[in-house]
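Notes follow the structure.
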Amino acid sequence: MDKVDKIFESFVGESIFKNKSILQSNYYPENILHREEQVGLVASILAPALRGERVSNLFIYGNTGTGKTLGVQFVRNKMLEKVKELGTDNLKFVYLNCKMKSLADTEYRILAELINEMGGKVPATGLPTKEVYSRFVDIIDSKKQVILIVLDEIDQAVQKISGDFIYSLTRLNSELKNAQISLIGISNNLTFMDNIDPRVKSSLAEEELVFPPYNALQLQDLLKTRADKAFKENILEEGVIAKCAAFAAREHGDARRALDLLRVAGELAERESKKKVTLEHIDEANRKIEKDKVISIVENAPRQFQLVLASIMAIDRRGKNPNGIFTGEVYDKYKAVCEKTKNEELTLRRLSDILAELDMLGIIYARVISKGRQGRTREIKPMLSPAIKEQVCEILQKSLGI
DNA sequence: CGAGATTCATGTGAAGTATACCTTTAGGCTTAA
DNA sequence: AAGCCTAAAGGTATACTTCACATGAATCTCGTA
């Protein structure tokens with residue numbers, strides 16, 4: 001039996017999943033475990049909107065995977081249901097994720113996206129920002145209504161946008177004749193508010209709410225309820241859930257991570273046509289998730305990023321850099337690579353920024369250090385396990401045509 | 001020997017440039033009455 | 001005369017460059033014990 005047959009065979013046979021979608025990240029559960037208190041608070045803060053009253057601006061903190069988005073969406077759905085039931089038409093609930101990089105990382109794009117969500121239309125570029133702004137106001141103010149705007153991962157946006165934008169949004173109500181708007185900011189970053197204009201701060205966070213991380217026990221509970229629905233009976237080996245929970249608890253109680261882990265582990269087991277999900281599958285899943293993330297970043301990175309990364313990998317592969325690689329070395333290698341691949345070479349200034357961004361992406365480690373008389377530089381190390389390194393190198397070679 | 005002063009190799013911020021899109025606007029051409 | 005198309009004018013975003021100044025610790029210098 002050849003390989004392909006084998007693969008199909010394992011899928012034709014009994015699946016270990018009952019309903020895999022329950023473990024996927026876009027699944028919205030009926031109720032949200034261990035977040036009753038927070039969800040209740042959100043609901044009570046937003047409830048006046050049902051009567052057409054303006055509600056306080058709300059700010060929600062919490063690490064990734066602590067149920068912030070889920071909680072807000074949950075309340076949103078319930079409210080929209082209620083609105084339908086009441087037959088009124090004066091409540092809009094707009095959700096915008098600021099992290100979708102190409103979608104909303106500038107003031108202009110956020111406005112454009114909000115307008116789209118509201119049913120208006122605006123080109124991706126070209127209009128004066130002012131014009132977009134006034135169109136936005138027109139759309140909102142076209143009738144009497146309460147508008148709740150959810151800005152998810154708002155910290156990502158504010159880094160690039162002046163806080164003025166948020167401020168003017170919060171102040172918008174005085175310009176509106178008919179409508180009322182309220183903002184709901186969601187941030188992963190607990191220290192986000194610290195370096196923000198106090199005016200913005202006080203107007204944005206009329207109400208504050210913290211979503212604490214799940215602890216390992218809560219994660220187990222959560223995984224167990226979902227696993228019961230997602231897997232068939234007796235599929236999970238003893239301790240699998242506990243291990244998933246432990247992994248995720250280490251990652252700041254990230255429930256999304258825990259669910260991904262369990263799902264991928266299940267997929268791996270299925271692919272091997274095993275009847276059980278074992279502890280090793282969890283380890284394997286952990287590695288795979290990490291790998292997939294890195295690879296998709298590298299594949300989709302702009303050419304110049306790939307060139308820089310290729311230079312770093314080339315130096316790293318030659319070895320003997322126990323203390324890390326320095327910016328100067330990378331730049332020399334990078335120039336050579338550019339010449340070989342007939343790419344235009346950038347300035348050292350730009351390279352420096354690219355290195356910083358690669359660091360942000362978590363592909364390399366790059367800290368600024370001072371080497372005394374030898375000046376200041378970044379100390380650079382690739383942050384990839386050997387197996388991934390090879391794949392990354394292959395991708396780079398293919399993509400750059402080396 | 002130790003406190004300052006020096007120095008190196010980049011880091012970093014601000015401002016400017018080039019390119020790619022986008023709308024508005026005005027003029028010219030077409031078309032229908 | 002109304003309608004449609006086109007090109008120029010005027011904006012914005014993005015990726016990059018140029019310029020100028022900032023950094024921070026190893027090393028040097030020099031006064032002093």
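In what follows, chains carry the letters A, B, and so on, assigned in the order in which the sequence lines appear, proteins first and then strands, with residues in each chain numbered from 1.
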Whether [X] contacts [N] is assessed here as follows: a side-chain N or O lying under 4.0 Å from the phosphate OP1 or OP2. Is that the case?
X	N	result
A:Arg367	C:dG24	no
A:Thr347	C:dT17	yes
A:Arg350	C:dA15	no
A:Ser370	B:dA9	no

Item to check | Where A:Asn57 and A:Leu183 come nearest, the two heavy atoms and their spacing | outcome: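 Residues A:Asn57 and A:Leu183, closest heavy atoms: OD1-N, 2.8 Å.
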I need the [atom1]-[atom2] distance between [X] and [N], as an integer number of Å.
X	N	atom1	atom2	value
A:Asp359	B:dG11	CG	P	12 Å
A:Phe305	C:dA15	CZ	P	8 Å
A:Leu346	B:dT10	CG	P	17 Å
A:Ile325	B:dT10	CD1	C1'	16 Å
A:Arg378	C:dA25	CZ	C1'	18 Å
A:Glu344	B:dT19	CD	C1'	12 Å
A:Arg376	C:dA22	CZ	P	13 Å
A:Leu348	C:dT18	CG	P	12 Å

Checklist entry - Taking only residues two or more places apart in sequence, or in another chain, which ones meet A:Ala285 in a side-chain contact (heavy atoms from CB on, under 4.5 Å)? => result A:Leu261, A:Val264, A:Ala265, A:Leu268
Checklist entry - Does the pair A:Phe93 and A:Leu46 meet the rule for a side chain to side chain contact (heavy atoms under 4.5 Å, CB included), with working shown? => result CA-CA 11 Å; A:Phe93 218 130; A:Leu46 301 185; 3.9 Å; yes
Next on the checklist: I want to verify a distance call: between C:dA25, C:dC19, B:dG11, whose nearest atom is closest to the A:Arg349 side chain?
Outcome noted: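 It is C:dC19.
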Checklist entry - Where the side chain of A:Arg373 is defined as all heavy atoms beyond and including C-beta, which of B:dT6, B:dA14, C:dA25 is the nearest nucleotide? => result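 Nearest to the side-chain atoms of A:Arg373, counting from C-beta on, is B:dT6.
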Checklist entry - About how many Å separate CG of A:Asn343 and CG of A:Leu307, when rounded to the nearest 0.5 Å? => result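 The CG atom of A:Leu307 sits 4.5 Å away from the CG atom of A:Asn343.
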Checklist entry - So, is the end of the A:Arg35 side chain (NZ or CZ) under 6.0 Å from the ring centre of A:Tyr214 and within 45° of the ring's axis? => result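 Flagged: A:Arg35 positioned over aromatic ring of A:Tyr214.
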Next on the checklist: Just to be sure I understand the rule, does A:Glu345 reach a base, reach only the sugar-phosphate, or reach nothing, if contact means heavy atoms closer than 4.0 Å?
Outcome noted: sugar-phosphate
